[in-house]
Structure formats: structure tokens, C-alpha cells
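Heavy atoms only: backbone and side chains are in, while hydrogens, waters and symmetry mates are out. As the structure is a prediction and not an experimental result, all values here were calculated from the model.
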Amino acid sequence: MSNVHQIVHPLIQHKMAIVRNVETGPKEFRELVDEIALLMAYEVTRDIVLEDVDVETPMGLAKCQMIAGKKIGVIPILRAGLGMVNGMLRLIPAAKVGHIGVYRDPETLRPVEYYCKLPSDISERDLIVVDPMLATGGSAVAAIRFIKERGGKNIKLMVLIAAPEGIAAVQAAHPDVDIFVAAIDEKLDSRGYIVPGLGDAGDRLFGTK
Ligand code: PRP
Ligand code: URA
């Protein structure tokens with residue numbers, strides 16, 4: 001699992017415990033997903049290239065480093081990925097945001113594409129695809145394929161909870177994509193839900209059930 005990075009920071013693990021809890025309501029759920037995304041973004045961007053800059057302080061010249069020209073794109077998989085965008089943008093305000101609409105057909109569990117709008121300069125950006133859940137992997141595999149078909153090259157996937165099946169599917173289809181997770185759970189149930197997981201992320205974010 002060399003391209004899988006589990007982020008085990010105590011703040012993330014603490015918030016994951018609350019977000020999983022069946023008693024956590026939509027307001028708190030949204031806030032937690034946002035905060036976890038922000039904390040994960042800190043790790044996911046650890047390899048951003050820096051360049052040396054001289055900064056004039058009130059006391060003299062400081063040798064500093066700033067992010068080099070490389071640009072970042074954040075791509076949520078609709079709907080639930082939307083809950084992770086603001087957390088990312090608070091750390092990376094200059095990032096552009098693309099959207100990919102994919103939902104799982106409840107019968108076949110196969111991904112159905114319904115929307116795609118990406119930044120025009122996607123091939124020049126480091127791209128971070130975000131979605132709280134990686135279950136069968138069908139949605140993420142399809143979303144990453146669309147991005148590559150439109151010229152995206154440097155792609156990372158960032159999820160809160162992954163099932164082993166989803167990780168294996170992404171690794172098989174897109175071995176070049178690094179996967180960042182806060183938790184790897186035990187298995188999928190017969191309906192393709194992650195166990196123990198957190199339930200349906202989209203419904204819990206938007207109160208649709
Ligand atoms: C959820 C989740 C992922 C997908 C994961 O979305 O947000 O996109 O399922 O499952 P998979 O790995 O088996 O594809 P869902 O299809 O429920 O759509 P929604 O976000 O619109 O609710
Ligand atoms: N999608 C979700 O929102 N939750 C799961 O457990 C699996 C897919």
C-alpha cells in the first residue's frame with residue numbers, strides 16, 4: 001500500500017470519532033467534515049515546491065520561502081465532496097475548484113456521471129480530488145478517469161474513510177495516484193456501504209434522509 005497515506009494526527013482522529021457518531025447532527029457533521037478536510041490538506045500539501053524569496057521586515061532582510069509557481073486545483077466529487085472544499089480553500093485560497101458529478105446507482109453500485117466542469121488549465125495544476133467516502137471505488141476511479149481524459153496529470157485523492165476494496169480499485173486503475181485517508185475501515189456491506197463507516201455522507205451533510 002505504498003501510495004496510501006493514512007493521516008493519524010490526534011486532532012483528526014478525535015474529530016473522526018465524533019463525525020462517525022450516529023448522534024451527530026447535520027450542522028456539527030458539516031463543521032467536522034470541513035475541519036478534518038482542513039487538517040488533512042495540511043498533510044496532503046506537504047510536498048508543494050517552495051522557492052527562496054527575500055522579504056523586507058521592519059528590521060532587515062529575511063531569507064524566506066514561498067510556494068513556487070505551481071498551481072493547485074481542488075476537485076470535489078458531488079455531492080458529498082462539496083463538504084470538504086471550504087476547509088481546503090481556507091488553507092489554499094488560490095486553488096481553483098473543479099466539479100465532477102458522479103453518483104452510485106443504488107442497484108448496480110456502478111458510478112453514473114452527470115456533471116463535469118474543470119479549470120481550463122487543468123494540465124498545469126496539482127490536483128486534489130476530494131470525497132469523504134471511498135467505498136467500492138467506482139466513483140473515484142471514474143472521476144479520476146474523466147480528469148485524465150481532460151488533461152489532468154498530477155492527481156491525489158483525499159478521503160475521510162476508505163474501504164480496502166476502494167483502495168484496491170483505485171490502485172489498480174490509477175497506480176500513479178497517491179491516496180490520503182483519515183481511516184481505513186474493515187469492509188463493505190451487501191449494499192456497498194462502509195462498515196463501520198459513518199453512513200451516507202451526502203445525506204448526513206445535507207440532511208436529505
Ligand atoms: C458517495 C460518496 C462517494 C461514493 C463512494 O456518494 O460520497 O462519492 O458514494 O462510493 P463508491 O466508492 O462505491 O463509488 P453517493 O453516490 O452516495 O452520491 P452523493 O454524494 O450524491 O450522495
Ligand atoms: N457512500 C457513502 O456515503 N457511504 C458509504 O459508506 C459508502 C458510499
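- Side-chain contact between Leu78 and Val102: absent, with no pair of heavy atoms (C-beta onward) separated by less than 4.5 Å.
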Which side-chain N or O atoms in residues 187-198 pair as donor and acceptor under 3.5 Å with protein atoms at least two apart or in another chain?
from, atom 1, to, atom 2, distance (Å)
Asp189, OD1, Arg191, N, 2.8
Asp189, OD1, Gly192, N, 3.0
Asp189, OD1, Tyr193, N, 2.9
Tyr193, OH, Asp200, OD2, 2.9

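- Note on Ile75 and Met158: separate hydrophobic clusters, where clusters join Ile, Leu, Val, Met, Phe, Trp and Tyr whose side-chain heavy atoms are under 4.5 Å apart, directly or indirectly.
- How far CD1 of Ile36 is from NE2 of His14: 10.0 Å, rounded to the nearest 0.5 Å.
- Without hydrogens or angle criteria, Gln13 side chain to Ala182 main chain gives a donor-acceptor distance under 3.5 Å.
- With sequence neighbours excluded, no residue forms a salt bridge (Lys or Arg N to Asp or Glu O under 4.0 Å) with Lys117.
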Passes side chain to side chain contact (heavy atoms under 4.5 Å, CB included), Asp54 versus Lys63? Steps please.
CA-CA 5 Å; Asp54 290 337; Lys63 298 264 176 223; 3.2 Å; yes
Listing, residues 126-147 side-chain donor-acceptor contacts under 3.5 Å, not counting sequence neighbours, or none:
from, atom 1, to, atom 2, distance (Å)
Asp131, OD1, Met133, N, 3.2
Thr136, OG1, Gly138, N, 3.1

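- Applying the salt bridge (Lys or Arg N to Asp or Glu O under 4.0 Å) test to Glu165 and every residue at least two apart in sequence or in another chain returns nothing.
- Take Ala62 and apply the side-chain contact (heavy atoms from CB on, under 4.5 Å) test, not counting sequence neighbours, and it matches Thr57, Cys64.
- By the 30° and 60° cut-offs, the orientation of the rings of Tyr103 relative to Tyr114 is tilted.
- Residues meeting the salt bridge (Lys or Arg N to Asp or Glu O under 4.0 Å) test with Asp47, sequence neighbours left out: Lys156.
- One hydrophobic cluster, built from ILVMFWY side chains closer than 4.5 Å, holds both Met88 and Ile48.
- Distance CD1/Ile179 to CD1/Ile184: 8.5 Å, rounded to 0.5 Å.
- Between Cys116 and Ile100, the closest heavy-atom pair is SG-CG1, 4.1 Å.
- Closest non-hydrogen pair, Val19 versus Arg204, comes out as O-NH1, 3.3 Å.
- Note on Leu32: it clusters hydrophobically with Leu38, by side-chain heavy-atom contacts below 4.5 Å among ILVMFWY residues.
- Taking 4.5 Å as the limit, some side-chain heavy atom of Leu82 sits within range of a side-chain heavy atom of Phe206.
- Ionic pairing of Asp34 and Lys15 is not present here: no N-O contact between side-chain nitrogen and carboxylate oxygen is shorter than 4.0 angstrom.
- Residues that satisfy the salt bridge (Lys or Arg N to Asp or Glu O under 4.0 Å) test with Asp105, not counting sequence neighbours, are absent from this structure.
- Transitive grouping of hydrophobic side chains (ILVMFWY, heavy atoms separated by less than 4.5 Å) keeps Val181 and Met16 in distinct clusters.
- Residues His174 and Lys148 have side chains in contact (heavy-atom distance under 4.5 Å, counting atoms from C-beta outward).
- The side chain to side chain donor-acceptor pair (under 3.5 Å) check on Arg110 picks up nothing, with sequence neighbours excluded.
- With rounding to the nearest 0.5 Å, the separation of CZ in Phe180 from CD in Gln6 is 12.5 Å.
- Asn3 contributes atom CG, which lies 9.0 Å from atom CG of Asp176 (distance to the nearest 0.5 angstrom).
- Judged by distance alone, with hydrogens and angles left aside, the side-chain atoms of Thr24 form a donor-acceptor pair with the main-chain N or O of Ile18 at under 3.5 Å.
- The side-chain contact (heavy atoms from CB on, under 4.5 Å) check on Lys71 picks up Asp121, Glu124, Arg125, with sequence neighbours excluded.
- Remark: Gln65 engages Asp52 in a side chain to side chain donor-acceptor pair (under 3.5 Å) (not counting sequence neighbours).
- When all heavy atoms of Ser123 and Lys153 are compared, the pair lying nearest together is CB-NZ, 3.5 Å.
- Here the straight-line distance linking atom CE of Met84 with atom CG of Asn86 works out to 12.0 Å at 0.5 Å rounding.
- Here Val97 sits in one hydrophobic cluster together with Val85, Leu89; the rule is ILVMFWY side chains under 4.5 Å apart, joined directly or through other members.
- In terms of the side chain to side chain donor-acceptor pair (under 3.5 Å) criterion, residue partners of Thr208 (sequence neighbours excluded) are, by chain and number, Arg79, Asp203.
- Shown here for Lys96 and Pro119, the closest heavy-atom pair between the two residues is CB-CG, 3.9 Å.
- Atom-to-atom distance recorded for Tyr42:OH and Ile12:CD1 is 11.0 Å, nearest 0.5 angstrom.
- Transitive grouping of hydrophobic side chains (ILVMFWY, heavy atoms separated by less than 4.5 Å) brings Leu11 and Leu160 into a common cluster.
- Nearest heavy-atom pair, Pro76 versus Gly98, reported as atom, atom and distance to 0.1 Å: CD-O, 2.8 Å.
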